[in-house]
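Notes follow the structure.
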Protein chains: 2
Amino acid sequence: MVDVARHAGVSLKTVSRVVNGEPTVNAGLAERVLASIGVLGFQRNQLASTLRAGRRTGTVGLVIEELANPFYSTIASVAAEVAAQHDTMLITASSEEDPDLERRLVFDLCSRRVDGLLLVPASGDHAYLRPEVDMGVHVVFLDRPGGGGLEADTVLIDNRGGARAAVDALLAKGHRRIAVLLDSTGVYTMRERLLGAREAMESVDAPLTVVEGVANPDDAARAVAGLLDGPQPPTAFFTVNNRLTVGAVGELWRRGDDAELAGFDDFELAHLMPRPLTVVAYDTRAMAGRATEMLFERVRGERAAARTEVIGTRLVARGVRR
Amino acid sequence: MVDVARHAGVSLKTVSRVVNGEPTVNAGLAERVLASIGVLGFQRNQLASTLRAGRRTGTVGLVIEELANPFYSTIASVAAEVAAQHDTMLITASSEEDPDLERRLVFDLCSRRVDGLLLVPASGDHAYLRPEVDMGVHVVFLDRPGGGGLEADTVLIDNRGGARAAVDALLAKGHRRIAVLLDSTGVYTMRERLLGAREAMESVDAPLTVVEGVANPDDAARAVAGLLDGPQPPTAFFTVNNRLTVGAVGELWRRGDDAELAGFDDFELAHLMPRPLTVVAYDTRAMAGRATEMLFERVRGERAAARTEVIGTRLVARGVRR
DNA sequence: TTGAAAGCGCTAACAG
DNA sequence: CTGTTAGCGCTTTCAA
């Protein structure tokens with residue numbers, strides 16, 4: 001800016017005014033400044049401007065499990081889109097489900113002075129965020145509630161209700177031997193979905209076969225195979241996420257078994273799966289959109305008590321029928 | 001830092017040394033400083049530190065078409081992962097295929113003083129980047145070459161070779177009435193793929209039916225239907241990206257038509273598609289990984305002439321067989 | 001409307 | 001090993 005000022009024969013401050021589009025600048029001077037900027041190839045350093053002004057950096061951080069996962073990339077996409085509407089850019093970071101890494105990423109983002117943080121919690125305790133929040137960083141939790149007594153806006157999926165509805169639908173079709181496949185109950189969403197399935201079964205007083213530790217599609221295929229080859233095979237399956245659903249579809253299709261299948265999460269090519277299934281669908285974009293909007297409301301100064309919003313689910317028939 | 005210094009009874013510079021882990025600090029003093037930092041909840045402002053030191057900001061920008069697309073989210077995921085290995089964070093921005101928006105995003109990222117830029121070009125002319133490059137911002141092009149005479153490292157897919165191989169495979173099976181479905185030839189990758197298909201057909205001196213303007217799966221389904229219902233229906237189709245492939249699969253399956261199908265791009269559930277197909281697969285992660293590594297080589301000072309690397313493709317049989 | 005001076009939070013250079 | 005001073009690039013006083 002000093003160079004531009006010298007080149008244009010004005011003061012530093014005038015250059016600053018022009019660059020920031022302040023109206024109180026003589027048109028002639030402004031033109032000279034603009035010309036000098038063009039000649040010298042000056043570009044304003046936005047980092048420096050936020051320093052002195054103590055104002056927003058125009059960045060928000062998003063901490064998710066893993067960007068390659070379509071669920072999270074949808075969230076990131078919406079967050080970036082909404083952020084762009086507020087003239088801010090999105091820094092994404094993957095926590096890989098590691099609470100310690102999450103913490104480090106959050107600190108790093110804060111040291112870069114993000115205006116806000118969108119967090120899909122990997123850890124159960126967010127007390128460590130207290131100082132940052134007190135320093136003015138706004139936080140919104142997404143998909144899972146934050147823990148550790150930190151009050152913050154939160155947007156969740158109706159995991160329990162969705163799972164209950166799915167299993168209710170299986171029950172309504174007369175199934176009584178139902179098996180649920182899940183990874184671990186260590187994750188909030190999975191715990192809720194299992195609870196929902198349990199609630200449905202309890203309402204008809206039927207037992208639920210629960211297979212834990214099913215971590216990926218192959219595991220799911222093996223679990224389905226094991227159950228079908230065992231005594232009293234289930235007549236219906238409920239898978240708690242789309243990766244397990246895909247594994248179950250593959251195995252059921254391979255065997256030509258017509259057990260009923262319902263799964264949490266819709267997925268892109270569900271309609272082309274080689275057998276019928278039912279999925280619990282929800283609007284990921286709406287969830288991410290609301291969360292990001294809430295974040296910017298806070299950034300703009302909203303002071304209301306922490307709010308929690310829940311996004312509903314619906315059952316959808318998928319797979320090809322012949 | 002001033003507050004911490006006062007609280008610990010040391011100078012500002014000593015606090016700076018402790019915070020930056022410089023070894024030349026008395027252990028006792030360092031401890032006192034650390035204690036004060038804990039008490040006051042001090043957190044270093046990384047933005048301010050890069051200002052004075054004039055050094056790297058530890059951020060790189062990624063400009064892609066649209067983060068929600070699995071292809072791009074894979075790229076973003078790898079870029080973020082590699083960046084993390086270099087202690088830097090990734091800012092992602094979507095250009096929505098708009099050259100003007102791309103330009104604005106690039107300028108914005110530069111004004112945030114990113115150390116480097118990973119670009120999937122939306123525009124054909126990147127001469128506007130010249131001043132930024134001269135100012136020290138490193139640029140690597142990804143998936144598509146940059147235009148406008150800007151020499152920069154580039155990583156591409158072997159689009160032409162992959163398409164030629166796919167169509168060659170159709171020809172080898174005896175097909176001579178082959179139709180190719182594509183969106184527009186305005187995009188480099190699509191142009192190359194069409195060229196590859198043409199090359200294959202020319203080698204046997206057979207004509208190629210080309211349907212342009214097929215923008216989405218539904219378009220692809222309609223195009224397939226139209227061709228099959230027309231005179232001299234094709235016995236094989238080549239779709240130039242996975243969205244069109246999916247549309248074609250759906251329509252062929254719906255009709256029970258056993259025309260041969262080959263498509264560019266593998267996709268996640270291709271193995272569960274309800275009919276056989278062949279896809280041109282390639283390693284997106286490798287492409288993004290190499291591009292990001294090249295970027296950091298530049299950031300670290302590599303000065304060699306601009307390099308172009310091409311990632312190979314392979315044909316893979318997909319879909320369920322019965 | 002314009003400009004001079006101070007200062008944002010930090011680090012480099014140089015003393016001590 | 002520790003501290004002082006200047007200054008990164010910009011914006012905010014406040015005076016002209």
Side-chain angles (χ1 to χ4, degrees), chain A residues 1-34 36-37 40-59 107-115 131-132 135-137, chain B residues 1-34 36-37 40-59 107-115 131-132 135-137:
Chain A
M1 263 190 187
V2 173
D3 296 342
V4 173
R6 188 162 21 213
H7 187 272
V10 299
S11 81
L12 183 79
K13 179 64 210 183
T14 299
V15 178
S16 172
R17 288 203 175 93
V18 172
V19 166
N20 288 291
E22 287 177 31
T24 64
V25 176
N26 180 296
L29 276 194
E31 205 155 315
R32 249 162 60 205
V33 169
L34 256 12
S36 298
I37 286 176
L40 301 178
F42 166 81
Q43 199 187 35
R44 178 162 164 273
N45 182 333
Q46 204 186 300
L47 269 35
S49 77
T50 65
L51 219 209
R52 166 69 228 223
R55 65 171 164 230
R56 293 180 213 154
T57 53
T59 49
F107 283 142
D108 192 342
L109 287 164
C110 288
S111 81
R112 289 160 193 277
R113 295 296 183 264
V114 291
D115 301 324
E132 326 299 312
M135 298 267 296
V137 180
Chain B
M1 263 190 188
V2 173
D3 296 341
V4 173
R6 186 160 27 213
H7 188 272
V10 298
S11 82
L12 184 88
K13 181 65 207 183
T14 299
V15 178
S16 172
R17 290 202 174 94
V18 172
V19 166
N20 288 290
E22 288 178 30
T24 64
V25 176
N26 180 296
L29 275 195
E31 206 155 314
R32 248 162 60 206
V33 169
L34 255 11
S36 298
I37 286 175
L40 301 178
F42 165 81
Q43 200 188 36
R44 176 162 166 275
N45 182 333
Q46 202 187 301
L47 269 38
S49 79
T50 65
L51 218 210
R52 166 67 228 223
R55 64 168 165 230
R56 294 180 211 154
T57 54
T59 49
F107 283 142
D108 193 342
L109 287 165
C110 288
S111 82
R112 289 161 193 276
R113 295 296 185 263
V114 291
D115 301 324
E132 325 299 311
M135 297 269 295
V137 181

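A, B, ... follow the sequence lines: proteins, then strands. Residue 1 opens every chain. Fair warning: this is a prediction, and the values are worked out from it, not measured in the lab.
Within the nucleic acid shown, B:V19 has no heavy atom closer than 4.0 Å to any nucleic acid atom. Nucleic acid contact class of B:V25 (heavy atoms, under 4.0 Å, all strands): sugar-phosphate only. Nucleic acid contact class of B:L29 (heavy atoms, under 4.0 Å, all strands): sugar-phosphate only. Contacts of A:R44 with the nucleic acid, taken as non-hydrogen atoms under 4.0 Å apart, involve only primed sugar atoms and P, OP1 or OP2.
Summarising the geometry, the separation between CZ on A:R55 and P on C:dG9 is reported as 15 Å, rounded to the nearest angstrom. A straight line from CG of B:N45 to P of C:dG7 spans 19 Å, rounded to a whole angstrom. Put simply, CZ on B:R56 is 16 Å from P on C:dT11, counting in whole angstrom units. Regarding A:R112, its CZ atom lies at a distance of 16 Å from the C1' atom of C:dG9, rounded to whole Å. As rounded to whole Å, 9 Å separates atom P of D:dG9 from atom CE of B:M135. With rounding to whole Å, B:E22 atom CD is found 14 Å from C:dC10 atom P. Distance, B:D3 CG to C:dC8 C1': 13 Å, rounded to whole Å.
Checking A:V2 against B:K13, the closest nucleotide of DNA chain D that is more toward the 5' end is the one next to B:K13. In this structure, B:P23 and B:R52 both approach DNA chain D, and ranking their closest nucleotides by distance from the 5' end singles out B:P23. A residue-by-residue look at B:M1 and A:N26 shows that A:N26 has its nearest nucleotide of DNA chain C further toward the 5' end.
Set against C:dG3, D:dT11, C:dC10, the side chain of B:L12 has C:dC10 as its closest nucleotide. Candidate nucleotides D:dC14, D:dG3, D:dT11 were compared by shortest atom distance to the side chain of A:R17, and D:dC14 ranks first. Relative to the side chain of A:L51, the nucleotides D:dC10, C:dC8, D:dT2 differ in distance, and C:dC8 lies closest.
B:N45 CG to B:Q43 CD: the interatomic distance, rounded to the nearest 0.5 Å, is 9.0 Å.
Distances shorter than 4.0 Å separate some side-chain N or O of B:N20 from OP1 or OP2 on C:dT11. Contact annotation: A:S16 does not reach the phosphate of D:dC10 (side-chain N/O to OP1 or OP2, under 4.0 Å). Between B:S11 and D:dT2 there is no side-chain N or O to OP1 or OP2 distance below 4.0 Å. At the phosphate of C:dG3, OP1 or OP2 sits under 4.0 Å from a side-chain N or O atom of A:T14.
Using a 4.5 Å heavy-atom threshold, the side chains of B:R55 and B:S49 count as touching. The side-chain heavy atoms of B:N26 and B:T14, taken from C-beta on, include no pair separated by under 4.5 Å. The closest side-chain heavy-atom distance from A:T50 to A:R113 is not below 4.5 Å.
Not a single donor-acceptor pair under 3.5 Å links the side chain of B:R112 to the backbone N or O of B:T57.
Taking each heavy atom of A:S36 and A:H7 in turn, the nearest pair found is OG-ND1, 2.7 Å.
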